[in-house]
Each structure stands twice: as structure tokens, then as C-alpha cells.
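Scroll down for the structure; my scribbles are underneath it.
The figures here come from the full heavy-atom set of this structure, side chains too, leaving out hydrogens, waters and symmetry mates. Residue indices begin at 1 and follow the sequence shown.
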Amino acid sequence: PRAGRRARFPFAPVAPSPFPGGPLPCTALNAPALIGALRYLVGRGPDALALLLLLPELYNSMQASQSNALVAALIVLAFVALEHDQRLRGCVAIAVGVAIKIFPIAALSFAVFHRRRLRLAVVFTLCAAVLAMLPLIVTPPSMLFAPYGWWYRIEIAAALAPGDSGILHAFRRVAQL
């Protein structure tokens, strides 16, 4: 079925452009984000070696139009913000990273050494909740949560199918051990 106006709204800035017009600006922002975060972490002087070490991975990420460089920049910014006792900034960086990909959730381990762990947990939870609710501005809840239901049904069908397929099947096999 065709998507409604509200579903198309977030893609409005890149919708009229040809294919390279959409991913290109996003990919072009990943490298400066990572370089800026790295400079923020190590300062202006010794970042040349760090940048040289990151260059192959940054190149691969940009070639594949991946957001790994942006996510890495958000993790670095979260670390630096928490080191400077800027809880809100650090939690927003982690929450945005988690909204893009799941693995920045590991950056919450920085909170283990923070002197106000509980407050940091509350701030992160609020940031994550606000980010999770943002799509509801333009998308009804049923449309937002429908893909999760589809994913669950696909995984259940794969788990119940003969053979070793599906992540739920793998969990079931581990539970039987």
C-alpha cells in the first residue's frame, strides 16, 4: 500500500532529489562528525595519528553509505561530555546513537565510573523516551509499531520452520541446554 502523507514527511528534504542526493549529504556529514569528535577528545595536536588509524574504516563506512562513523562520533562525544560532567549532552549523544544503531548502548558503561550514576540513568531514560516518542508527531502509533509485529511474526515462523533458522530458534536451542 501507498504510504500516507505523514509517513512521507520525514523524507521530504531528500524525496525530490535523485538517488545520490539523499545518501550523499548524510554520508558527507559522517566524516566531519568523527573528525570533530576526535579533535574534541584528544585536542588539536596529537589527532593526526588517530585520524590516520581511523582513515581505512572511515573510508569503508563512507563507501558503503553506513552510519558507523556518525555513531562512533556520538560515542566519543558522549565520553567527552560525561568526562566534563555534562550529563545531558552525554546522554543525548548516547540516545541519538542508540536511535541510529543499537551498539552505542555500550557507551552507558561510561556511567559506571560516574559519581552520579542514578541521576545519569534517569537523564538517559528521559532522553531515550523523548527520542522514541518523536516519530509519533507525524506517525500514528499503529503505523509506528506495525513493523515490530511483522518482524516478530517472521521470526516465529522461522523459529518453527524445520532446520536451524531464525534468532528465536537459536534462543530456544540455548534454553534447552
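- Evaluation of the side-chain hydrogen bond (donor to acceptor under 3.5 Å, both in side chains) test over residues 127-138, restricted to residues two or more places apart or in two chains, returns none.
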Just distance, no hydrogens or angles: give the donor-acceptor pairs under 3.5 Å from side chains in residues 94-109, sequence neighbours left out.
| from | atom 1 | to | atom 2 | distance (Å) |
| --- | --- | --- | --- | --- |
| Lys101 | NZ | Asn68 | OD1 | 2.4 |
| Ser109 | OG | Ala106 | O | 2.7 |

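- By the salt bridge (Lys or Arg N to Asp or Glu O under 4.0 Å) test, Arg153 is found to be paired with no residue, residues two or more places apart in sequence or in another chain being considered.
- Hydrophobic clustering (side-chain heavy atoms under 4.5 Å, transitive across Ile, Leu, Val, Met, Phe, Trp, Tyr) groups Leu88 together with Ile75.
- Residues passing the side chain to side chain contact (heavy atoms under 4.5 Å, CB included) test with Leu126 are Val122, sequence neighbours excluded.
- Under the 4.5 Å side-chain contact rule for hydrophobic residues, Leu134 and Phe124 share a cluster.
- Applying the side chain to side chain contact (heavy atoms under 4.5 Å, CB included) criterion to Ala37, with sequence neighbours excluded, gives Ala73, Val76, Leu77.
- Note on residues 87-97: pairs passing salt bridge (Lys or Arg N to Asp or Glu O under 4.0 Å), not counting sequence neighbours, are Asp85-Arg87.
- No chain of hydrophobic side-chain contacts below 4.5 Å, direct or via other Ile, Leu, Val, Met, Phe, Trp or Tyr residues, connects Met143 to Phe145.
- The neighbour count for Phe79 CZ, taken as heavy atoms of other residues, nucleotides or ligands under 6.0 Å away, does not exceed 12.
- Residues Leu144 and Leu131 do not share a hydrophobic cluster, defined by chaining ILVMFWY side chains whose heavy atoms lie under 4.5 Å apart.
- Taking both residues in full, the closest heavy atoms of Cys91 and Leu120 are given as SG-O, 3.6 Å, listed atom of the first, atom of the second, then distance.
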